[in-house]
Peer 1: 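Please see the structure below; I have some questions.
Just so we're on the same page: letters track the sequence lines, and every chain starts at 1.
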Amino acid sequence: MSIGYACLTMGVPNTSIKRCMLKNVNEQKLEDLIEHNLKSLENMIDYNLNNEIKLFRISSDIIPFGSSEANTVLWHDLFNSQFHTIAEKIKTGGIRVSMHPGQYTVLNSSDSNVVKKAIDDLQYHADFLDSIETDYTNKIVLHVGGVYGDKEMAIKRFAKHLGYLNDSIKKRLVIENDDRSYSICDVLELGRKYNIPVVYDNLHNSVNCCDVSKDDCYWIMECANTWNKGDGKQKIHYSQQDESKKVGSHSPSIMINEFLGFYNNLGDDKPDIMLEVKDKNLSAIKCMNCIAERKKPKALEVEWSRYKYAVLEHSPNDYVKVRNLLKDKKAYPAIEFYNIVENALNVCPSKGNSINAALHIWGYFREVAEEREKKAFFKNIEAFNEGLKPLSAIKKFLWKMAEKHNNEYLLSCYYFNKGF
DNA sequence: TGACGTCAAGATCCG
DNA sequence: CGGATCTTGACGTCA
């Protein structure tokens with residue numbers, strides 16, 4: 001059983017994915033972007049290895065316009081050595097990857113041009129997974145598509161178009177229930193009939209539900225039967241509702257108690273769980289730390305080092321609570337730890353607390369800062385205090401200081417993340 | 001015709 | 001001019 005996250009890695013330097021607009025595409029630009037994105041992907045893989053994250057969805061955007069005629073770069077050959085480096089890391093680390101074409105890749109369309117594009121797009125994803133030398137347990141997750149007023153016909157068309165796919169795609173293809181058209185009942189029927197593994201998505205099911213009398217565990221067991229040996233371990237998508245947004249929106253973070261309630265209900269043979277959540281890797285580590293039967297207390301200390309200034313900024317009370325909680329260096333109170341952190345991050349930071357946290361971080365530079373840096377920092381603080389500058393100006397300044405002094409500790413703090 | 005979802009690129013505004 | 005903030009893009013379906 002592995003827990004993973006999708007596409008982007010938060011708070012880790014040099015993992016950004018770059019893109020460009022179609023009208024600006026040219027060969028050189030695309031080559032530059034691909035080289036950059038592959039380097040970022042390698043850094044994400046390195047991060048996953050260092051944090052024992054064994055499940056990861058690779059962004060479709062690594063190769064911009066990867067399935068479009070606008071992209072004529074022979075990326076597989078041109079970046080052969082970068083691909084091979086990534087392949088070796090994935091292999092030796094035992095990382096299972098996947099890819100997930102979005103809602104606009106529609107294999108069952110009634111428009112043949114759309115179908116052709118969908119097939120090209122699936123081919124791009126399969127080619128990418130081939131390029132990083134992954135086997136057929138590394139899946140491509142697809143939604144069934146549109147309904148066009150006749151679901152039965154639309155499903156038949158899906159099945160027919162499956163026949164157009166080559167082995168590299170077909171052996172990787174898995175299908176997922178969506179929040180609009182194809183419920184888990186529909187997708188299971190399709191999966192059973194055509195021997196396609198089914199990915200169960202709990203939030204989609206709660207929004208687009210075909211049988212309210214059945215719970216998550218029931219559907220997960222039903223889906224389990226669609227996964228054959230060559231497919232690897234069954235995989236599901238897990239996410240939680242963002243209560244402040246419309247139904248189906250992913251939550252900013254995985255609430256650990258709710259997750260554990262779900263997780264502990266799963267049987268002994270648990271599936272791989274892909275988290276779909278805004279804070280990505282942060283929630284993956286949180287969940288992994290909380291289900292670990294034995295983990296070194298060091299793991300929580302590392303997490304605390306990442307969260308502490310964000311917690312201090314939001315809630316000094318909770319900051320003190322965590323410090324007390326972690327005083328016993330032999331204990332491993334992971335669930336309590338994350339409960340306090342979640343509670344803290346829910347508190348809106350007051351102006352005073354924001355300044356307090358910034359001053360704590362400034363403490364790392366008090367001795368080494370140049371006079372003009374000192375002046376600039378306190379000028380920023382004053383401007384923020386008077387409502388003339390946003391907090392982000394202070395954070396940006398402190399981030400630059402951390403970079404200048406190569407302060408690894410601060411550079412891995414979530415305090416600097418967007419949305420914190 | 002616009003909403004849907006995503007997030008960086010691009011555009012514009014501000015001092 | 002640099003930095004902050006707002007808008008656009010790229011995709012297909014459906015109301």
Side-chain angles (χ1 to χ4, degrees), chain A residues 5-11 14-26 29-30 32-34 36-37 40-41 44 57-71 99-122 124-125 141-151 153-155 157-158 161 176 178-182 201 203-204 207-208 237 239 241-242 244-252 276-280 376 379-380 383-384 386-400 417-419:
Chain A
Y5 67 99
C7 302
L8 300 174
T9 308
M10 308 282 306
N14 306 313
T15 59
S16 70
I17 300 297
K18 291 195 174 192
R19 308 188 290 192
C20 70
M21 288 207 283
L22 190 51
K23 63 180 179 187
N24 298 327
V25 161
N26 63 58
K29 179 145 205 155
L30 286 171
D32 293 347
L33 290 176
I34 294 167
H36 173 272
N37 290 346
S40 288
L41 175 60
M44 293 185 216
R57 181 190 301 164
I58 296 174
S59 168
S60 299
D61 294 338
I62 303 287
I63 313 291
F65 304 101
S67 62
S68 164
E69 288 179 0
N71 187 338
M99 295 183 88
H100 188 9
Q103 56 182 306
Y104 301 106
T105 301
V106 186
L107 184 61
N108 78 336
S109 177
S110 51
D111 179 336
S112 62
N113 290 318
V114 173
V115 177
K116 188 191 175 301
K117 278 188 191 171
I119 294 170
D120 289 347
D121 199 39
L122 288 168
Y124 153 64
H125 286 86
V141 184
L142 188 67
H143 291 291
V144 180
V147 172
Y148 314 93
D150 185 345
K151 192 180 266 185
M153 268 305 297
I155 288 177
R157 209 163 40 239
F158 185 91
H161 296 173
E176 180 196 355
D178 64 71
D179 56 0
R180 193 172 157 84
S181 305
Y182 291 91
D201 184 305
L203 190 63
H204 288 162
V207 174
N208 178 21
H237 289 173
S239 54
Q241 175 67 42
D242 183 336
S244 70
K245 294 194 178 149
K246 62 153 64 125
V247 284
S249 298
H250 294 149
S251 63
E276 295 186 318
V277 58
K278 296 271 185 282
D279 72 359
K280 305 287 181 186
K379 204 175 164 188
N380 270 331
F384 168 70
E386 287 165 12
L388 301 172
K389 269 196 176 184
L391 182 63
S392 57
I394 297 176
K395 290 199 179 189
K396 191 158 275 185
F397 181 87
L398 288 170
W399 176 257
K400 281 193 172 170
N417 285 19
K418 269 183 210 152

Peer 1: Any base atoms under 4.0 Å from A:Lys245, or only sugar-phosphate, or nothing? Heavy atoms, all strands.
Peer 2: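 Nothing, no heavy atom under 4.0 Å.
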Peer 1: Would you kindly give the CG-to-C1' distance between A:Leu388 and B:dG15, to the nearest whole Å?
Peer 2: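 To the nearest whole Å, that distance equals 12 Å.
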Peer 1: For residues A:Pro252 and A:Asp279, determine if any side-chain heavy atom of one lies less than 4.5 Å from a side-chain heavy atom of the other.
Peer 2: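 A side-chain contact is absent here, since even the closest heavy-atom pair is not under 4.5 Å.
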Peer 1: Does A:Lys116 come within less than 4.0 Å of A:Asp120, counting only side-chain N to carboxylate O?
Peer 2: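 The answer is yes: the pair qualifies as a salt bridge.
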Peer 1: Run the numbers on A:Asp179 and A:Leu203 for side-chain contact (heavy atoms from CB on, under 4.5 Å), then give the verdict.
Peer 2: CA-CA 8 Å; A:Asp179 56 0; A:Leu203 190 63; over 6 Å; no
Peer 1: At under 4.0 Å, does any side-chain N or O of A:Lys246 touch on OP1 or OP2 of B:dG5?
Peer 2: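 Answer is yes, contact under 4.0 Å.
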Peer 1: Measure from the side chain of A:Tyr104, starting at C-beta and using heavy atoms only, and say which of C:dT13, C:dT5, B:dC4 lies closest.
Peer 2: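 For the A:Tyr104 side chain, the nearest candidate turns out to be B:dC4.
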Peer 1: Which part of the nucleic acid, if any, lies within reach of A:Gly146 when heavy atoms closer than 4.0 Å are counted: base, sugar-phosphate only, or nothing?
Peer 2: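 Result for A:Gly146 = sugar-phosphate.
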Peer 1: Ignoring the backbone of A:Val147, work out which of B:dG5, C:dC14, C:dT13 is nearest its side chain.
Peer 2: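 Selected nucleotide: C:dC14.
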Peer 1: Can you give one letter per nucleotide of nucleotides 8-14 of chain B, going 5' to 3': B for a protein heavy atom under 4.0 Å from the base, S for sugar-phosphate only, - for none?
Peer 2: BSS----
Peer 1: A:Ala70 and A:Leu22: which non-hydrogen atoms are nearest, and at how many Å?
Peer 2: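 Of all heavy-atom pairs spanning A:Ala70 and A:Leu22, the closest is CB-CD1, 3.6 Å.
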Peer 1: Need the bend value for the helix from B:dT1-C:dA15 to B:dG15-C:dC1: angle between end axes, 5 pairs each end, nearest 10°.
Peer 2: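 The angle, to the nearest 10 degrees, is 80°.
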Peer 1: Is any side-chain heavy atom of A:His161 closer than 4.5 Å to a side-chain heavy atom of A:Ile119?
Peer 2: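 A:His161 does not reach A:Ile119 side chain to side chain.
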Peer 1: Quick check against the 3.5 Å criterion: does A:Glu276 have a side-chain atom that pairs as donor or acceptor with the backbone of A:Ser251?
Peer 2: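 No, because the side chain of A:Glu276 does not come within donor-acceptor range (under 3.5 Å) of the backbone of A:Ser251.
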Peer 1: Answer yes or no: is there a side-chain heavy-atom contact under 4.5 Å between A:Pro101 and A:Leu122?
Peer 2: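 SC-SC contact between A:Pro101 and A:Leu122 confirmed.
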Peer 1: In terms of the nearest nucleotide of DNA chain C, which residue is placed more toward the 5' end: A:Asp111 or A:Lys396?
Peer 2: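 Whichever sits nearer the 5' end wins; that is A:Lys396.
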Peer 1: If I take atom NE2 in residue A:His143 and atom P in nucleotide B:dT6, what distance separates them, rounded to the nearest angstrom?
Peer 2: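 Distance, rounded to whole Å: 11 Å.
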Peer 1: Could you give the NE2-to-C1' distance, from A:His250 to B:dG5, as a whole number of Å?
Peer 2: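 Rounded to the whole Å, the gap is 10 Å.
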Peer 1: Would you mind reporting whether A:Asn208 and A:Asp178 have side-chain heavy atoms less than 4.5 Å apart?
Peer 2: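 Side-chain contact under 4.5 Å: yes.
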Peer 1: Figure out the NZ/P separation between A:Lys379 and B:dG15, and round it to whole Å.
Peer 2: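 Checked: the NZ to P distance equals 15 Å.
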Peer 1: OP1 or OP2 of C:dT13 versus the side-chain N and O atoms of A:Ser109: is any pair under 4.0 Å?
Peer 2: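 Yes, A:Ser109 has a side-chain N/O under 4.0 Å of OP1/OP2 on C:dT13.
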Peer 1: Please give, in whole Å, the distance from C:dG3 P to A:Lys389 NZ?
Peer 2: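 To the nearest whole Å, that distance equals 10 Å.
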Peer 1: Considering every strand and a 4.0 Å limit on heavy-atom distances, what is the contact class for A:Lys151: base, sugar-phosphate, or nothing?
Peer 2: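 Touches nothing.
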Peer 1: Given atom CD1 of A:Ile394 and atom C1' of C:dG3, what is their separation to the nearest angstrom?
Peer 2: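 Value for this atom pair: 15 Å.
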Peer 1: CD of A:Glu386: more than 12 outside heavy atoms within 6.0 angstrom?
Peer 2: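 Enclosed.
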Peer 1: Could you tell me how far apart A:His237 (NE2) and B:dG5 (P) are, to the nearest whole angstrom?
Peer 2: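 Atom-to-atom, A:His237 to B:dG5, this comes out as 17 Å.
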Peer 1: Checking the side chain of A:Ser40 only, and the main-chain atoms of A:Ser16 only, is there a donor and an acceptor separated by less than 3.5 Å?
Peer 2: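 Answer holds: yes.
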Peer 1: Nearest whole angstrom, please: distance from the P of C:dA10 to the CD of A:Glu69.
Peer 2: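 A:Glu69 atom CD is separated from C:dA10 atom P by 16 Å.
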